[in-house]
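Just so it is clear, the values below take in all heavy atoms, side chains as well, and ignore hydrogens, waters and symmetry mates.
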Amino acid sequence: MSAAEVTNPWKTIQRVILPSADQPDTISLYADAGSASGIRLRENDELARTPKLPEEKLQMLSSGDREAHFEDLLTRHSMRVRSGEQISFGTYFNAFPASYWRRWTSVRDIRLVVRTSGTGTVTVYKSNARGSIQRVDGKHVDGDTTSVFELSLKPFGDGGWYWFDLAAGADGLVLENGQWETAGGLGASGQVTLEITTMNKPDFCLNNARILSENPDVLENVREILIVDQGTQKVEDQEGFAEVRDALGGKLRIINQANLGGSGGFARGMYEAVENGSDYVLLLDDDIVVEPESIVRLVGFADHCRKPTIVGGHMFDLYNRSILHTFGEVVDPYRIVPTAPHVDMEVRHDFSVANLRQTPWLHRRVDVDYNGWWMCLIPTKVIKEIGLSLPLFIKWDDAEYGLRAREAGFATVSMPGAAVWHVSWIDKDDLVGWQAYFHERNRLITTLIHSPYPKGGRVLRESVQADVKHLVSMQYFTEHGRIEALRDIFEGPHELHRVLASKLPEINALKSEYPDAQLKDDVDDFPAPKLGRGPMGGTVVGMPRKKDLIPWGIKTVARQLIKAPGPDSAVRPQGYLAHRDNRWFRVAHYDSVVVSNAEGTGASWYQRDPKKLKSMLTEATRLHLRLFREWDRLAEQYRSAVADISSIESWKKTFEAHSKDGN
């Protein structure tokens with residue numbers, strides 16, 4: 001070791017990792033068969049640059065590409081490369097996201113250290129923001145070899161990754177381990193409180209705690225693992241809990257509190273991290289499977305950021321584990337809705353169809369407004385300056401916090417190579433039912449606080465349009481919740497803490513009044529539909545053209561107001577609709593129909609009621625007009641209250657009022 005290395009030792013910032021034995025379907029995220037040169041893209045080929053359809057991506061696969069052999073994975077950090085074969089670590093979890101380190105940290109020089117046994121070659125590649133692949137360096141290896149490559153981050157201003165490939169000689173090659181390093185000198189790593197908020201998902205929580213206990217090396221800088229349990233099915237009561245608790249060596253603590261929603265659970269994690277002196281809090285959702293190495297990567301990246309920075313992980317689909325939900329999100333300021341940061345980004349990208357090296361848009365650095373709280377690391381310095389989550393129960397708490405942090409000068413980074421597997425949105429429909437109240441209220445609150453446009457831009461117009469869609473779809477329970485949300489906006493920001501634990505029970509108590517809110521397990525639990533093919537003679541009803549939406553809406557609402565439902569509609573449905581066919585422009589033609597839910601666990605009976613339509617549409621219109629008139633006053637009221645209602649002192653009072661075990 002040189003004198004320079006003694007005084008300025010190298011520090012590992014990313015290790016090569018491989019999937020655990022129970023996740024063979026994730027291998028494409030860790031290792032790819034075939035060399036980088038076998039899949040070089042033509043930069044002027046639009047199909048190759050931005051493939052959208054699976055069949056387009058399949059055209060890009062070279063005939064030599066194949067999956068890595070799962071049986072060649074030796075340990076979490078080592079694998080065998082068979083004689084004459086090549087393996088690339090230009091993958092989601094093992095390529096080095098150079099452009100993110102270049103943009104957000106002071107690191108400018110790194111090195112790659114690869115330890116191998118056997119005969120073959122190690123080749124280093126890099127890409128640029130366009131996805132062009134460039135060879136950087138390579139070495140022939142024989143026997144037990146440590147290969148070191150000195151690399152610069154200067155060329156990665158807009159995007160790009162580093163990675164390496166292995167090619168085995170006649171006797172095969174074994175990767176013993178590999179890591180990316182930077183010069184040390186920062187001192188000790190930051191300490192983190194890892195917090196999971198849960199509501200009646202004790203199996204998920206215990207599974208993640210078990211994963212952490214089986215990977216103790218990632219817990220070196222974890223001061224405390226905190227589970228905020230807000231349910232009736234307790235994690236502590238699960239079989240095997242004691243063994244996992246003991247394996248975690250005293251780091252696990254359970255806090256039982258009333259159901260304060262996601263925002264109440266995550267705010268508790270923020271609060272406890274500040275109280276116990278942690279440098280960071282790492283927020284995790286409950287219905288996830290965590291890649292434990294993500295903890296080390298998020299903390300290591302945050303340690304090197306030039307200023308306190310929120311650093312989040314990505315979300316993969318729990319039931320299709322090679323599919324990435326999104327690579328980053330921003331908030332459209334005119335509409336206040338989440339959207340992709342650039343037009344080339346593809347939602348739900350499948351790495352088993354097109355890997356990192358084959359997908360140029362993944363090489364462009366993505367700058368975001370916020371990161372979902374399925375996995376999000378927040379410095380306690382940020383919490384002390386801008387406060388905790390707003391008391392929103394669920395929905396929009398993470399986006400609002402990211403916007404608030406940005407306005408205070410704190411960036412958010414969605415960090416490639418750190419991720420969880422989470423239940424996908426395609427298996428949920430949270431715009432209907434009890435969650436509609438929180439979507440409507442919290443989107444409006446976020447708009448009042450953060451919108452730069454007069455009267456909130458397009459938000460009020462879209463809110464009215466949503467009311468019409470729900471009403472012509474016979475979703476009266478959903479609309480009741482949306483109307484309650486509008487009313488509660490006028491109650492002001494200081495009511496949010498008071499109703500945090502009571503609003504959901506109030507909404508759920510209304511279900512008995514609405515057939516569309518009553519879920520049954522089997523469609524045979526409903527009366528059989530009458531003979532016929534439903535409205536419009538069974539003709540498939542398409543979505544109206546954009547220019548026809550307003551006249552279509554007026555005509556449809558008028559028809560539903562004037563024309564009485566069929567005499568048998570309250571006795572027998574006209575038919576069944578699968579969830580994917582439950583579209584507002586189709587359901588609007590029925591008087592009575594049974595529709596299944598997104599999860600496929602049951603169905604509800606929608607029945608048209610002109611009286612409900614008239615009264616709800618009248619009330620929603622009145623409230624929107626009032627909101628338009630009072631917008632400026634309310635915006636000032638909510639903005640001026642943010643510091644108080646998100647403060648540690650306000651949340652402490654709420655926690656004390658709803659504690660269940662004295663914590």
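Listed by first and then second residue, the salt bridge (charged side-chain N to carboxylate O under 4.0 Å, His left out) pairs that reach into residues 284-294 are R15-E293, R76-E291, D287-K428, sequence neighbours excluded. Residue pairs that meet the salt bridge (charged side-chain N to carboxylate O under 4.0 Å, His left out) test with at least one member in residues 239-251, sequence neighbours left out, do not exist here. For residues 282-307, the pairs satisfying ring pair (Phe, Tyr, Trp, His ring centres under 6.0 Å) are W101-F301, W101-H304, with sequence neighbours left out. Listed by first and then second residue, the salt bridge (charged side-chain N to carboxylate O under 4.0 Å, His left out) pairs involving residues 404-426 are D369-R406, E400-R404 (not counting sequence neighbours).
Listed by chain and number, the residues in a side-chain contact (heavy atoms from CB on, under 4.5 Å) with P202 are Q233, V235, Q238 (sequence neighbours excluded). Here F156 pairs with Y162 under the ring pair (Phe, Tyr, Trp, His ring centres under 6.0 Å) rule; sequence neighbours left out.
For the pair D350 and R348, the salt-bridge criterion is not met [side-chain N within less than 4.0 Å of a carboxylate O].
Residue I13 holds its CD1 atom at 10.5 Å from CZ of R297, rounded to the nearest 0.5 Å. Atom CG of residue L284 and atom OG1 of residue T198 lie 11.5 Å apart, to the nearest 0.5 angstrom.
Of the candidates F93, Y92, F89, F93 is the only one forming a ring pair (Phe, Tyr, Trp, His ring centres under 6.0 Å) with Y30.
Side chain to side chain, S88 and Q86 fail the donor-acceptor criterion of an N or O pair below 3.5 Å.
In this structure, F316 has its ring center no closer than 6.0 Å to that of H314.
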